[in-house]
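These notes concern the structure reproduced below.
Since this is a predicted model, take the numbers as computed values, not measurements.
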Amino acid sequence: MERKPTEEQLQIIAQDTGSSVVVASAGSGKTYVVVERYLRLLREHGVRPSQILTITFTNKAAAEMKRRIVDRLITSEMYEQAQEAETGPIQTIHSFYEKILRENSVEAGIDPKFELASGGESDRMKRDAVRHVINTVEEDSNGLISLFIKTTVGKAEYGQVGAYDKLESETIRVLNNFRSSGHEPNFFDNLYESAEKFLSVTHQRLVGHLPEYMRNAIADSPNVPWRDTAYAEAGKIKGEKSKYPWLKDRQEDELLAANLTCGLAQLALRAWVAYERLLAESRAIDFDGLESRAVRLVESSKSVCQRLSRQYVHVIVDESQDLNPNQFRLFDAIEAQSKMLVGDGKQSIYAFRNADVTNFNRRAQQGYLKLSKNFRSNQTIIDMVDVVFSQAFGRDYFFSSVEVDFDAKRTFANVERLHLSSKANWHELATYVRSMQLQGKSLNSICILIRRHRDAEAIQAALRRQDIGVRMNAGQSSFFARSEVRDLVNALLAATAKSNEFALLATLRSPIVGLTLDSIVLLAKSWDRSLLPVEEILKLEKFEEWFNPLRALVDHVPASEILSRIINQSDLFLNFLSLSEGRRRIENVRKLLLLSMNSPELSARQFAERIRTIERLRHDEGDAATTDESEELVTLMTIHKAKGLEWDTVIIADGMDHKSPPVSSPVFDAESGWLGYWQKGKSTYAAEYIKHLKQTKEKEELKRLQYVAMTRAKNHLVLTTWGDSSVGLIGLVKNSIGNDSFESLTTWKP
């Protein structure tokens, strides 16, 4: 039976001209509406699929959108349009960037056959670029880079791996911030030319951010430091000082801090030049380069802009609250017959990717259509979400939601408390999940949500002790840090260097060979195999039969060949079958082999060192998918990765621990291009201002993260508590629904 759209949905589906903003609350059927509007443009207006640019933010979302549209077209026997939609512009934003550059390579001044640099390859080149700049620091004309390196690394730590790793990582972090900000290199060159220039610019702008009464007082006291005047004026009004914490501490060493800031900025800028050179030599472009080049091309080339405007009659952008300023600039430049931004400011949780929700909300405030009805969740869950977040967000909540009657009496029958006896007692959480399973609940219908990666391993271990399988989509750098990947890297290193005793012992201990820990300890003391039990000696002899001949090949064949022989000649896969997540381990090994095949020019040692570099950089690469996704497993996922998904039962595992982490140096503000750096109490007012700005934004994003978590549940929402349950998400819920209502929730205790 075909679903009938609501009046709100009909109004959006019927839009065919002009620019519009659709504010869609969680579970309100926005994908359904986008698909229906797309089909209406084809059926009633004769538009071709190739004329509708539909942008999503993940490959998975693009594939799902395309599948729905193509299936509907085939059902309607619109086969030609279905075929065109299958290959048409339903794509991610980065795929669209790539298409623009390849189709307009002459205007862009690039090779049309450019390669896309993978995340790992990009990270490696950035580190090489930073090292090159550090090694040529004697060419530093004004000495600021040298000052920064000597001050931050220090003579006592010179040459220590840890100190230089930190220096390189911080520089790469700033390099990434600069490249993704939308500012050109010359902007940063001018801003960070000298400490005096940086302080002059930032002080002038900071004074401009102050209220009028402060600015007037500063103008009337030209011989008094502006900070002193401003802070004194704030003290005359009750509660006013708390609004300006960045003015609180006098920055006595601000000039030194500014010199260090400019040194770091100049180091990152030189690394930027070196990195672009490495990319050019590889005929490659990375994702930040795709964006900056595409946006610059569309804005600067009238012919390209006109071509895109003729090509795309209609533009639909899903998840528009996650657009960064550069992406807004791109879509503003395309003059289509209709442009529709679909999103929800309450679900903007990607500030770390430069998403800026203020752009979306500003456009929504000028006029919007809304999708307010939640079709996903049970009514009692909807009631709790409405009561809690209408108070948390204030008037912004009603952009996309219904008005809340606070006088109405409600019971939250489908919201439950899991009260642990102590913080992070994940054994009790696992016991609770086990009890649900015994009551007939399918594990596939349960998702445990966490905010931070750090809890993932402990929760997974607790569940496994209860014989509960886990489908884990949480954990930073999960692939490259997996034990099976590290084991194979050690095997490659052991094969290439006979002197690498650690790599050889690690290989012998791993499932590649499977010696016991006692055997490894004995071998580490003396390589006298006669001390080992007979079965261990047999394992070692079997290993040497295939491994010693392999050592003779490592300098003559690519890494993929060595890896393939290790996998095929050892008992690795057989040993995996006796371990937990055996299928996952096997798929990860196959994925590593495919990665090595993509780099046939690398030797075994080069490939192993590359993987270790990527792991040290904490590059985010997910596990390989298992071959059987229907297996009965509980899903364990971070809230960020859960966005857009839904489960029958959702357990929010760390509802008590939703405090924002401290802001670390360096910190960056994309809009102004300001860099904040501090060390041992030395800072600049610009750095303190950016830190305050970031903390304020994180507090707002935290509420949005909590909203996303609670709206993933369809029929059963579980809030994990311990202690007095008065902070974080739990405190927000308790304060919103009232202590009596909170205490009356169905509660499970161990």
Side-chain angles (χ1 to χ4, degrees), residues 137 140-154 166-167 170-171 173-174 177-178 181 183 187-211 214-235 240-270 662-697:
V137 73
D140 180 17
S141 59
N142 57 19
L144 291 180
I145 298 178
S146 300
L147 173 67
F148 174 76
I149 294 174
K150 291 176 182 177
T151 303
T152 55
V153 177
K166 184 174 184 293
L167 171 63
E170 287 185 348
T171 306
R173 183 173 156 192
V174 175
N177 286 331
F178 281 1
S181 68
H183 297 292
F187 168 85
F188 294 111
D189 284 331
N190 291 331
L191 180 59
Y192 298 104
E193 177 184 343
S194 68
E196 291 78 11
K197 174 78 172 291
F198 176 71
L199 291 177
S200 174
V201 170
T202 56
H203 285 186
Q204 184 177 4
R205 289 278 303 277
L206 287 171
V207 170
H209 287 309
L210 296 173
M214 286 189 185
R215 297 199 304 271
N216 291 338
I218 291 170
D220 292 338
S221 307
N223 297 323
V224 180
W226 65 272
R227 173 265 173 199
D228 294 348
T229 301
Y231 201 60
E233 289 297 309
E240 192 75 354
K241 279 187 175 181
S242 63
K243 299 178 183 178
Y244 305 97
W246 52 278
L247 287 173
K248 181 179 179 181
D249 298 320
R250 189 190 303 272
Q251 304 303 329
E252 301 290 356
D253 295 317
E254 190 178 22
L255 182 59
L256 173 59
N259 274 311
L260 295 177
T261 302
C262 290
L264 173 56
Q266 290 180 14
L267 175 58
L269 287 168
R270 284 201 181 189
V663 177
S664 59
S665 175
V667 65
F668 180 73
D669 177 60
E671 183 178 0
S672 63
W674 291 359
L675 177 65
Y677 181 82
W678 58 89
Q679 185 190 54
K680 298 179 181 179
K682 300 178 179 65
S683 185
T684 64
Y685 289 116
E688 296 303 310
Y689 172 77
I690 301 169
K691 186 195 301 185
H692 169 65
L693 200 64
K694 186 175 179 64
Q695 288 171 332
T696 301
K697 289 181 177 179

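For Gln204, there are no side chain to side chain donor-acceptor pair (under 3.5 Å) partners at least two apart in sequence or on another chain. Residues passing the side chain to side chain donor-acceptor pair (under 3.5 Å) test with Arg205, sequence neighbours excluded: none. For Lys248, the side-chain contact (heavy atoms from CB on, under 4.5 Å) test picks out Tyr231, with sequence neighbours left out. Annotation: side-chain contact (heavy atoms from CB on, under 4.5 Å) contacts of Ala687 (sequence neighbours excluded): Trp678, Ser683, Thr684. Considering only residues two or more places apart in sequence or on other chains, Asp249 meets the salt bridge (Lys or Arg N to Asp or Glu O under 4.0 Å) condition with none of them. For Ile690, the side-chain contact (heavy atoms from CB on, under 4.5 Å) partners are Val667, Asp669, Trp674, not counting sequence neighbours. Every residue two or more places apart in sequence or in another chain was checked for a side chain to side chain donor-acceptor pair (under 3.5 Å) with Gln251, and none qualifies. Shown here are the side-chain contact (heavy atoms from CB on, under 4.5 Å) partners of Leu210, two or more places apart in sequence or in another chain: Met214, Arg215, Ile218, Trp226, Ala230, Tyr244, Trp246, Leu247. Residues satisfying the salt bridge (Lys or Arg N to Asp or Glu O under 4.0 Å) criterion with Lys243, sequence neighbours excluded, are Glu240. Residues meeting the side chain to side chain donor-acceptor pair (under 3.5 Å) test with Asn216, sequence neighbours left out: none. By the salt bridge (Lys or Arg N to Asp or Glu O under 4.0 Å) test, Arg173 is found to be paired with no residue, residues two or more places apart in sequence or in another chain being considered. Scored by the salt bridge (Lys or Arg N to Asp or Glu O under 4.0 Å) test, Lys682 finds no partners at all (sequence neighbours excluded).
A 4.5 Å side-chain heavy-atom check between Leu260 and Leu264 finds every atom pair outside the cut-off.
Of the options Asn190, Leu191, Leu206, a side-chain contact (heavy atoms from CB on, under 4.5 Å) to Val201 is made by Leu191 and by none of the others.
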